[in-house]
Each structure stands twice: as structure tokens, then as C-alpha cells.
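One structure is given here, and the rest of the page talks about it.
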Amino acid sequence: MTPAAAASILATIWFVHLLAAISPGPAVLMAARTGMTQGAARGVALAAGLALGACTWAAAAMFGLRLVFEVAPGLMLALRLAGAAYLMWLAVAMWRGARDPLPAVTEAAPGGVPGGSGPRSGGPGPRHGVGATVLRGLGVQLANPKPAVFFGAVFASLVPAQAGPGLQAAILAAVAMNEFVWTALVARVFAAPRVRAGYARLKAVIDRCFGGLLAALGLKLALS
């Protein structure tokens with residue numbers, strides 16, 4: 001494969017995945033809420049987990065994810081139900097913690113726990129450390145069948161069988177960059193003081209709306 005052909009393939013995959021990354025879904029929703037509730041720095045940690053999850057799906061697609069789903073269609077059903085259950089759990093946690101006060105965003109104390117606390121963490125709440133936030137991002141990405149379908153079908157069809165290790169590594173880097181930069185940007189925007197102040201005033205309503213959206217996404221996954 002010539003360098004020009006490899007560059008063309010990489011550019012195509014980068015652009016197609018960017019469109020998929022910026023489309024609304026659980027990843028974008030969680031990035032926005034993390035920015036509002038925990039600040040931009042913690043939003044970056046979530047974005048790192050989301051990027052790691054996207055790379056996991058991309059690597060799986062390169063090594064035959066679509067073939068696995070064709071051979072074992074029940075695996076996709078199990079994945080969809082597990083993902084729906086996880087999104088529903090997040091939705092319940094948001095709903096239950098909707099009336100908790102919003103902690104001040106401060107530098108993390110030793111052990112990765114930020115200053116400020118509410119009556120309870122409400123599941124995906126501000127008491128979680130940076131490592132837990134990264135893992136939550138990874139969990140959201142892996143539990144969501146949307147990237148499984150994208151990477152198993154669209155993405156896999158764009159990666160040529162003769163792609164070498166160099167091109168494969170560049171593709172994974174492009175996927176990670178798209179996911180990380182976009183979701184970190186979303187978290188940054190929603191962490192802006194004015195946005196956060198508005199969220200603090202309407203926290204109960206907004207959290208329940210976010211929880212309702214996640215629950216709707218989970219239900220859609222379970223029934224589709």
C-alpha cells in the first residue's frame with residue numbers, strides 16, 4: 001500500500017468516526033453532566049475513559065468483531081441488554097441524587113477525592129476519584145451498543161485487510177483523538193461558570209431530565 005493510499009484511508013476513517021463521535025448519545029450526555037457537576041478537569045478524565053473505550057471497540061473491529069457477531073448473534077443481544085441495564089442504573093443514580101447540593105469544584109485532595117460533598121454520591125457523583133471517573137467513561141463506552149454497531153459494521157468495512165501495523169496504529173490514534181477531544185470539549189463548555197451557575201439553580205430538574213434521557217436510551221437499546 002502506497003503512503004498516499006494509506007493517508008487517504010486514514011483521512012476517511014478519521015472523518016467518518018468524527019461524525020459518529022459528535023452525534024448525541026450516552027458519551028456526550030455523560031461528558032456534559034460531568035463538566036457541570038465536577039468541572040472541566042474531571043471531564044477530561046471521563047473523556048480519557050471514553051477514548052479508551054472507543055479504541056477498544058476499534059481494535060476489536062480490526063480483529064474480527066463483525067465476524068464474531070455473525071457467528072454468535074446472541075452475543076449482540078446480550079451486549080445490548082447489559083448496556084441497557086448499565087444506562088438504566090446511571091439514570092436511577094442521577095434521579096436519586098437530583099436534590100443533592102452541588103459541591104464546589106476544587107483541586108483534588110490526596111487520594112483523588114475533590115473538596116465538597118453532598119448527602120450521598122448518587123452513583124455517578126462528585127465523590128468519585130479521577131481513576132473512577134476514567135473507568136466510568138470506559139464503562140459507558142463499552143456498555144453502549146452504538147459504537148459496537150458502528151465499529152463492527154461501518155468502521156470494519158473502511159479498514160482494508162492489507163492494513164499494516166503502522167496504519168492500524170494511526171487509525172487507533174485517530175479514533176482516540178476524535179473521542180477525547182470532542183468529549184473533553186463538551187465537558188469544558190458545560191463546566192463554564194455561567195453554565196454551572198445555571199445548573200446549580202436548576203439541578204433537580206436538569207438531573208432528572210438527564211436521568212430520563214439515559215433511561216430512554218437504555219429502554220430503546222433493550223427493545224430494539
Side-chain angles (χ1 to χ4, degrees), residues 20-38 42-43 45-58 60 65 68-69 72-103 117-153 179 182-184 186-187 190-191 199 202-224:
I22 65 178
S23 63
V28 175
L29 187 64
M30 288 302 296
R33 186 177 185 273
T34 299
M36 287 192 295
T37 59
Q38 302 179 53
R42 201 56 63 85
L46 184 87
L50 292 169
L52 180 60
C55 280
T56 302
W57 281 121
L65 178 65
V68 171
F69 287 150
L75 182 61
M76 174 55 88
L77 175 61
L79 175 66
R80 191 168 68 243
L81 293 177
Y86 183 68
L87 294 180
M88 294 293 286
W89 177 82
L90 289 175
V92 171
M94 285 185 190
W95 188 278
R96 290 182 58 203
R99 292 194 175 277
D100 290 353
L102 182 62
S117 62
R120 60 174 180 269
S121 64
R127 288 186 183 180
H128 289 265
V130 172
T133 305
V134 173
L135 290 176
R136 189 184 313 123
L138 175 62
V140 167
Q141 198 73 291
L142 295 182
N144 182 13
K146 172 189 166 185
V149 173
F150 170 79
F151 285 110
E179 200 73 39
W182 173 247
T183 51
V186 169
F190 280 86
Y199 169 71
L202 300 172
K203 182 178 182 298
V205 174
I206 294 175
D207 273 10
R208 285 174 178 168
C209 287
F210 273 54
L213 286 173
L214 274 183
L217 287 171
L219 187 61
K220 180 181 178 181
L221 288 177
L223 298 178
S224 60

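Heads up: numbering here begins at 1 and tracks the sequence. Heavy-atom basis, side chains included; hydrogens, waters and symmetry copies ignored.
Counting all heavy atoms, side chain and backbone alike, A47 lies closest to A184 at CB-N, 3.6 Å. When all heavy atoms of A27 and E179 are compared, the closest pair comes out as CB-OE2, 4.2 Å. The minimum heavy-atom distance between G43 and A187, with the atom names listed, is CA-CB, 3.6 Å. In this structure, M88 and A215 approach most closely via the heavy-atom pair SD-O, 3.3 Å. Residues W182 and V28 approach most closely at NE1-CG2, 3.6 Å, considering heavy atoms. A pairwise comparison of heavy atoms in A31 and V186 identifies CB-CG1, 4.1 Å as the closest pair.
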Step by step, would you call T34 with F190 a side chain to side chain contact (heavy atoms under 4.5 Å, CB included)?
-> CA-CA 8 Å; T34 299; F190 280 86; over 6 Å; no
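Of the possible donor and acceptor atoms, one in the side chain of Q141 sits under 3.5 Å from a partner among the backbone N and O of L50.
Here the CG-CG distance, from L135 to L142, works out to 10.5 Å after rounding to the nearest 0.5 Å.
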